[in-house]
2 protein chains.
Amino acid sequence: MTESKSDIIAQDIAAKIQHQQFKAGELLPSESQLTTLYGTSRETVRKALNQLTALGLIQKIRGKGSIVLNLEKYSFPISGITSFAELNKSLNMHAETKVITLKKMVDLPEFFKEKFPEQKRQPGIYVERLRVVNNEPVVLDCDYLFSPPIDELPKEAAEKSIYDYIENKLKLDISYATKVITVEKIDDKFKKLLQLDDSLAVLVASHNFLNDTTLFQLTLSFHNPSKFKFVDFARRQKIKL
Amino acid sequence: MTESKSDIIAQDIAAKIQHQQFKAGELLPSESQLTTLYGTSRETVRKALNQLTALGLIQKIRGKGSIVLNLEKYSFPISGITSFAELNKSLNMHAETKVITLKKMVDLPEFFKEKFPEQKRQPGIYVERLRVVNNEPVVLDCDYLFSPPIDELPKEAAEKSIYDYIENKLKLDISYATKVITVEKIDDKFKKLLQLDDSLAVLVASHNFLNDTTLFQLTLSFHNPSKFKFVDFARRQKIKL
DNA sequence: TAGTGGTCTAGACCACTCC
DNA sequence: GAGTGGTCTAGACCACTAC
């Protein structure tokens, strides 16, 4: 799990952008300058810059240079697969997580089967957690973690960060996810937990995969519609499907 | 606007995946095989594969190979900035677009100013379009195209594809966008157009930029909540912000 | 014309999987 | 040990911007 040179360079530049050492609207040092600065080859610098481009931190313009984009102005996209604990940390929210349920099961809960009809019977761990920000319930996260590869889940891990536990204790390699966002009617139990007037909630359903393409987790997140906000940064596709 | 070798290779492999010439769950030819197959260097092949990885078409596993992922199973993510016309084409929907309004203005409409309070006064073209699928109204798209760079917009372009007009007629280079998804109360006019019972709609607000970081378009899309579906593919971030 | 980013190459070494 | 992908290099040529 050693970091590559290009990752380190990307990290470093990203940090300097966030600390306003490189300011929005200004140009980064040129690729050849960065090459000598970091003592590496140009292609390696370019890989780092490409990561920042994909994230929306910079925009490269041929013949000119790399411009630092203004994140805050159009709202910070924190995409990728990001856990609540990580979000919490990077946004400095005052937030807490209440674990409502945590139990082993031999098969998926019924409402998971409805939303994920393609899933076969498999044992796992079911976790229900309420996210509370400024004393208001914001999200109800329902997770089903398949066993194997996840055979145990300590309560502290569910309270703190399941992803941290999976990556650092179990040494599993979380890689990618597919998410589907819809608006759905929810049942009274969840309605009450989220303190909703209406029975409509925003549902984010996701499949989460390890590096070896193993599906290790299914998630159903029910969001209070009035608190829901999803921010995305997208680049125009060159490849047509 | 010539296509690079790596783009062509990525296109080619993507097409073969879609036509099931490379099937889900199977391995692609190895990088060295692809290198000889396309008569290019390995780094070029790797750039192509990296694009497919970012799109979620394949997963690379060290020591093994590149696995073709199963798109349909977890719902086809069509992210990036994709226009309705392009979506329509790639999904084979029976859809039509009704242009409700198309006019030049000296400043943003009032409700745009509310949603985009940071915007300054600037002339532009305001377009209101209703997207109808299977005779049901699905989305109301409200666009404000800044002049410059967009000084004219023929009605046919609004009916067919604004993006096609901007890219191919005006030769402008659409590059990236930031999107924010929320749930909002909407006014009666829009409620009626979308034939909603409720006054809640899903709002997708986006800033759209050219390659040179010029903001050329603001969009407010009001979605019928019962028809709304947003699909996303995300990879775990290596860079922490 | 000088400087910028965009693409491509041929080769090297490493870490990992599989047998 | 043979084959896979991951990283890095030094150099080349091109297209574009700015002056």
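Labels below follow one simple rule: chain letters A, B, ... track the order of the sequence lines, proteins then strands, and each chain is numbered from 1.
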Using atom [atom1] of [X] as one end and atom [atom2] of [N] as the other, report the distance to the nearest whole Å.
| X | N | atom1 | atom2 | value |
| --- | --- | --- | --- | --- |
| Asn211(A) | dG5(D) | CG | C1' | 11 Å |
| Ile67(A) | dG5(C) | CD1 | P | 11 Å |
| Lys171(B) | dC16(D) | NZ | P | 13 Å |
| Leu34(B) | dT9(C) | CG | P | 14 Å |
| Asp212(B) | dG5(C) | CG | C1' | 15 Å |
| Lys60(A) | dA15(D) | NZ | C1' | 14 Å |
| Asp7(A) | dC8(D) | CG | C1' | 13 Å |
| Leu27(B) | dG5(D) | CG | P | 8 Å |

### Message
Please give me every residue in residues 39-53 of chain B whose heavy atoms get under 4.0 Å of an atom in DNA chain C, ordered by residue number.
### Response
Thr40(B), Ser41(B), Arg42(B), Glu43(B), Thr44(B), Lys47(B)

### Query
With Tyr126(B), which residues qualify under side-chain hydrogen bond (donor to acceptor under 3.5 Å, both in side chains), at least two apart?
Glu128(B)

### Task
Just jot down the side-chain hydrogen bond (donor to acceptor under 3.5 Å, both in side chains) partners of Glu152(B), sequence neighbours excluded, or say none.
Lys104(B)

### Query
Got a donor-acceptor contact below 3.5 angstrom from the Thr35(B) side chain to the Glu31(B) backbone?
yes

### Query
Got a salt bridge between Lys64(A) and Asp212(B), using NZ or NE/NH1/NH2 to carboxylate O under 4.0 Å?
no

### Task
Quick one: pull up CG in Asp141(A) and OG1 in Thr97(A) and give me the separation to the nearest 0.5 Å.
8.0 Å

### Message
Could you work out, with ring-ring contact (aromatic ring centres under 6.0 Å, His included) as the rule, every residue matching Tyr144(A), not counting sequence neighbours?
### Response
Phe146(A)

### Message
Could you work out, with ring-ring contact (aromatic ring centres under 6.0 Å, His included) as the rule, every residue matching Tyr165(A), not counting sequence neighbours?
### Response
none

Between N or O atoms, less than 3.5 Å apart, protein on one side and nucleotides 2-4 of chain D on the other: list the pairs.
| from | atom 1 | to | atom 2 | distance (Å) |
| --- | --- | --- | --- | --- |
| dG3(D) | N2 | Gly63(B) | O | 3.3 |
| dT4(D) | OP1 | Ser30(B) | OG | 3.3 |
| dT4(D) | O2 | Gly63(B) | N | 3.3 |

### Task
Considering just the side-chain nitrogens and oxygens of Lys5(A), establish if one lies under 4.0 Å of OP1 or OP2 belonging to dG6(D).
no

### Message
Whether Ser6(B) contacts dC8(C) is assessed here as follows: a side-chain N or O lying under 4.0 Å from the phosphate OP1 or OP2. Is that the case?
### Response
yes

### Query
Phe116(B) and His207(B): aromatic ring centres closer than 6.0 Å?
yes

#### Entry: Ring centres under 6.0 angstrom apart (Phe209(B), Phe216(B))
no

